[in-house]
Amino acid sequence: MPVRPVLRLPEAVLKEQAAPVPVVGGTTRELAVDLVDTMRASPACVGLAAPQIGVGLRAFVVDVTGHRKAGSCHGMFVLFNPELLLAHGPIVAREGCMSVPDLTGDVSRATRVVVRGTTPEGDDRVMQVDAFEARAVLHELDHLDGVLFLDRVGSASSLFPRRVYR
Amino acid sequence: MSHYAVTAIGADRPGIVAAVTGVLMEHGCNLEDTSMTILRGHFAMMLVVAGPQTSSASDLEVALSDVAAGLDLVVAVRAMDDTVPSSPEGEAWTVAVYGADRPGIVHRVTSTLAAVGANVVELTTRVIGTEDRPVYAMVLGVTLPPGTDGHAVSNDLSDLARELGVECSMHPSEADIL
C-alpha cells in the first residue's frame, strides 16, 4: 500500500469535521494500511489521522512504542469512529504536528483517557490510555474534528518556532 | 522581496499595533514573524516584514515617523540578512532560576551557559514577592550545541545556584511531534 503525502496547512481538509466511517470493510482496511504505512515512513511520527492524508473519515493510528514519555503502550493500533469516553488529569506539554511544520506549542491535555472505537477487523474496542499515549490519542481525535494544536495553545507566549535538528 | 526588522518601543497604549502595521501595509510590507511584550507599562515589539525591493530600511523608517511621533514611540527599521539561519541548531532546554534577589544572577547564569556555547533564545525575568523580601524569578529557553551533555550543564548550574543561594533546575523542552 502506498505511503501518502502528509497534508499541511492550509489544506482545507485539516479544518473540516471528518465523517463517520460507514462500513468497516475492504476500503476502510486499505485506509488503515495507508495510515500505518504513512506513519511508519516518518520515524518520529507517533500518530496520524485520516484527514492528514486527505481522507475526511474518522480514523487514526497511534503507536508510542519506545517513546521515553510513554506510560501505557498498546503498540500500534488503528481505530475507526473513535469516541472519547473519559479524560482527566490535564498537564501542559510542548507538542508539534506533521501538518503544522515549523511551529510547536504548549498544550494542556488529559493524562488519563478512555477511548472507544472499531478496529480494522470490525471489533469494538475500549482502551484505557495514559501519559504520552493519551496525548497522542487526544491529538489525533482533535484532527477528526478539524482542531489543530494551534487551536489549543494556552497563550501567545506558548507558541515556539520548531528547533532545527540535524 | 527584502526582509526588514522593525522595532517599536514606548509607553503602552491602545492602537500601537494597529497604527504601525497600518503604515507597513500601505507600503506593501507583509508581516511575517512578530513578537511583542509589555513590561510594567512599557511596550516593545519586533516585526520581521517582507517589503518590496524598491523601498529601503530608511524609507520605511521615515514612513513610520509620523506614527512614531504621534504615539511617542521609538521606531527603528533595519535590513535583514536572509542568509542567516532563523534558529540555531541544537537541543532545546528550559532553565528556571529563582530565589532571593541579588545583583548578577542573570549575568552569572548566562555566562555559565555561554561557556558551553549555549544560545539563549528566550528570557523572562520577574521580581516578585514583597518589597522587603524580593524574589527573583528567571526562565530561560536555551539551545545547547549538538552533542552537549545537558545534564553536565545542569550540574554546573546547580553548583552556581548553590554559590548564589538560589534555586535552579533545567529540563529538556523538546516538542513531541504527533
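Quick note on labels: first sequence line is chain A, next is B, and so on, each numbered from 1.
Across every non-hydrogen atom of B:I177 and A:M98, the tightest pair is CG2-N, 4.0 Å. Heavy atoms only, all atoms of each residue included: B:A175 and A:G96 are closest at CB-N, 4.4 Å.
B:L123 is connected to B:V95 through a chain of hydrophobic side-chain contacts under 4.5 Å among Ile, Leu, Val, Met, Phe, Trp and Tyr, so both are in one cluster. In this structure, A:F132 is a member of the same hydrophobic cluster as A:V137, with clusters built from ILVMFWY side-chain heavy atoms closer than 4.5 Å. Note: the hydrophobic cluster containing A:V55 also contains A:F80 (ILVMFWY, side chain heavy atoms under 4.5 Å, direct or indirect links). Both B:I105 and B:L113 are members of a single hydrophobic cluster when ILVMFWY side chains are connected at heavy-atom separations under 4.5 Å. Tracing side-chain contacts under 4.5 Å through hydrophobic residues (I, L, V, M, F, W, Y), one reaches B:V116 starting from B:V120; they form part of the same cluster.
The number of heavy-atom neighbours closer than 6.0 Å to NE2 of A:H88, taken from other residues, nucleotides and ligands shown, is above 12. Around atom CZ of A:R112, more than 12 heavy atoms belonging to other residues, nucleotides or ligands sit under 6.0 Å away.
Proximity to chain B (any heavy atom under 4.5 Å) is shown, for A:F149, by neither the backbone nor the side chain. For A:A136, the parts lying under 4.5 angstrom from a heavy atom of chain B are both the backbone and the side chain. Heavy atoms closer than 4.5 Å to chain B are found nowhere in A:H143, neither backbone nor side chain.
Comparing A:Q52, A:E140, A:H67 by heavy-atom pairs within less than 4.5 Å of chain B, the highest count is held by A:H67.
Between the CZ atom of A:R94 and the OG1 atom of B:T94 there is a distance of 5.0 Å, given to the nearest 0.5 Å. One distance of note links CG of B:L178 with OG1 of A:T104; it measures 11.0 Å at 0.5 Å rounding.
The pair B:D176-A:K69 counts as a salt bridge, with a side-chain nitrogen and a carboxylate oxygen less than 4.0 angstrom apart.
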